[in-house]
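In what follows, chains are A, B, ... by sequence order, proteins preceding strands, each numbered from 1. Remember, predicted model here, so these are calculated numbers, not experimental data.
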4 protein chains.
Amino acid sequence: MFIQLDLQSKEPLYEQLKNQIVEGIARGRLKPGDRLPAVRTLAEDLGINLHTVRKAFQELQQENFLLIHRQKGVVINPEGIPEADAAYMEILKENLRPFVAHSLCRGVDMNDFLNMTKQLFAEYTQKEGEN
Amino acid sequence: MFIQLDLQSKEPLYEQLKNQIVEGIARGRLKPGDRLPAVRTLAEDLGINLHTVRKAFQELQQENFLLIHRQKGVVINPEGIPEADAAYMEILKENLRPFVAHSLCRGVDMNDFLNMTKQLFAEYTQKEGEN
Amino acid sequence: MFIQLDLQSKEPLYEQLKNQIVEGIARGRLKPGDRLPAVRTLAEDLGINLHTVRKAFQELQQENFLLIHRQKGVVINPEGIPEADAAYMEILKENLRPFVAHSLCRGVDMNDFLNMTKQLFAEYTQKEGEN
Amino acid sequence: MFIQLDLQSKEPLYEQLKNQIVEGIARGRLKPGDRLPAVRTLAEDLGINLHTVRKAFQELQQENFLLIHRQKGVVINPEGIPEADAAYMEILKENLRPFVAHSLCRGVDMNDFLNMTKQLFAEYTQKEGEN
DNA sequence: GTGGTCTAGACCACC
DNA sequence: GTGGTCTAGACCACG
């Protein structure tokens, strides 16, 4: 797998893992229906605790990113990821808020902020080969 | 003061407080040189512990948003907030990354994302009366 | 541990603790990657409060002397301590200034002052066994 | 007077005042027998509290740097500042210790440290005109 | 009256 | 078992 965790980070491991999987989907490396490694395997590969992987998977299942079959294992939701709704957009806005406020205080131009965002979008939507 | 904390939130109280102060500065409600309430006063007003307020203040001082005088109390950095540097922009980008990835997965259009950001900028830069 | 605090001293306990750890590193008793006792353990050993230890650790982390892992505990920065920069040297000079001035007033010869400094350097750089 | 206080500093005002006077003596701007401004005058000039000036003077008197006559006012000890004794040297050493340890950790060369010290000595012992 | 230090003790998240 | 957060309450230095 392409997943890389930072054991030094302040961010919890299961959060990092969730983010990496989500980024994998955003990049198109993981597509609906794709199987993920078994919990046990992934934990071993990453050198982390079983519980940590399980927690990440469970939360992603709850957000409908993953489906966990007792037998078939873990797959990216074959029906695709649920579209963003108003509730999601509201939460997203509140999450972005402190970054905007902080940036404003430190004199970041709105266009610089927007360009950075565009850059991130570009990073995820470009074809893999162009990486 | 205009500060409102959510005691139920998973976000630590001192983080919420920090954010609210930063947002107050971004909005122009707090200007360089302005005094903040005394630690004990603010703690009582907000119904939280003095040490929680202290932690928020101290971290903001370390980020050069505030100055803390042993006797005179706490003021918004009279020299203004230090301009963003490359290091800040890099951290900002990494912080934004998961939101972009997550949004992409859920089919948020880049322009919707950008518009939401613009909206936040507008919210902070408009005159108070227009609120 | 080799740490000894003076409960009577005017110097704050957490400052004493910080200094003792830094001296431990300077002496080579603590090396990059070494683990320090858990916060609670050390607090109990020293007969002081857990929060006092935490404050010392956290400030040393901020100065890049320590790394604090939520689970693994506290270790001396495995990458080593960051080299002194111009800013540090400037602060150091201003901190030394009053001692030089005071010593001059009391007729301390510059060479005596320098020799005392050399002696301190020697004290920290000699092999442990020679103590 | 040549005294300049930093109201923003973490260092207590009375400490700053003490240091500035000591530095004045070290520089030779203040000589044994010289009169200092009255407490009231100095406090007014510096824009600080009477108590603050009084505390600085009292502590300097206790260290035999000053004599305070009820009538004649405050003068630099006419018999000169008492020579450093072994006790002073011991205290000095313990005060210098953390700076040496900290510098060692951050890779400061002993000679750089010594040169900085020499520079400070030079700064105080050079003739005023050469400033 | 201001912030700074310290204590005692609780509950939580993470692994 | 680890550190992180929060509370309640004490005493001190400074001005």
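- Comparing C:V74 and B:L7 by the nucleotide of DNA chain F whose heavy atom lies nearest to each, the residue mapping closer to the 5' end is C:V74.
- Of the charged side-chain nitrogens involved, none lies within less than 4.0 Å of a carboxylate oxygen, so that D:E90 and D:K93 do not count as a salt-bridged pair.
- The shortest heavy-atom contact between D:M89 and D:A84 is SD-CB, 4.3 Å.
- Comparing B:H51 and C:R70 against DNA chain E, the residue whose closest nucleotide sits nearer the 5' end is B:H51.
- In terms of position along DNA chain E, the nucleotide closest to B:R54 lies nearer the 5' end than the nucleotide closest to the other residue of the pair A:N49 and B:R54.
- Counting heavy atoms from C-beta on, the side chains of C:L120 and D:F99 never come closer than 4.5 Å.
- Residue contacts for A:K55: at a heavy-atom cut-off of 4.0 Å it reaches the sugar-phosphate backbone alone, with no base atom in range.
- Between the SG atom in C:C105 and the CD1 atom in D:I81 there is a gap of 6.0 Å [rounded to 0.5 Å].
- Within 6.0 Å of CD in D:Q4 there are 12 or fewer heavy atoms belonging to other residues, nucleotides or ligands.
- Between A:H102 and B:F65, the distance separating the two ring centers is shorter than 6.0 angstrom.
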Strand DNA chain E in bracket notation, Watson-Crick/G-U under 3.5 Å with | for pairs to another chain | ||||||||||||||.
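- The CG atom of B:N95 sits 9.0 Å away from the CD atom of A:E11 when rounded to the nearest 0.5 Å.
- Reading DNA chain E from its 5' end, the first and the last nucleotide to sit under 4.0 Å from a heavy atom of chain A are E:dC14 to E:dC15.
- Within the 4.0 angstrom heavy-atom criterion, only backbone atoms of the sugar-phosphate kind lie near C:L13; the bases stay farther away.
- In this structure, C:I48 reaches the sugar-phosphate backbone alone: every heavy-atom distance under 4.0 Å involves primed, P, OP1 or OP2 atoms, never a base.
- A residue-by-residue look at D:P12 and A:K10 shows that A:K10 has its nearest nucleotide of DNA chain F further toward the 5' end.
- Atom CG of D:L5 is separated from atom P of F:dC14 by 15 Å (rounded to the nearest Å).
- In this structure, C:Y14 reaches the sugar-phosphate backbone alone: every heavy-atom distance under 4.0 Å involves primed, P, OP1 or OP2 atoms, never a base.
- A salt bridge is defined here as a Lys NZ or Arg NE, NH1 or NH2 lying under 4.0 Å from an Asp or Glu carboxylate O, and D:K18 with D:E63 meets this definition.
- Of the possible polar contacts, one joining the B:N77 side chain to the B:N64 backbone as a donor-acceptor pair under 3.5 Å is found.
- Separating the CG atom of D:L42 from the P atom of F:dG15 is a distance of 14 Å, rounded to the nearest angstrom.
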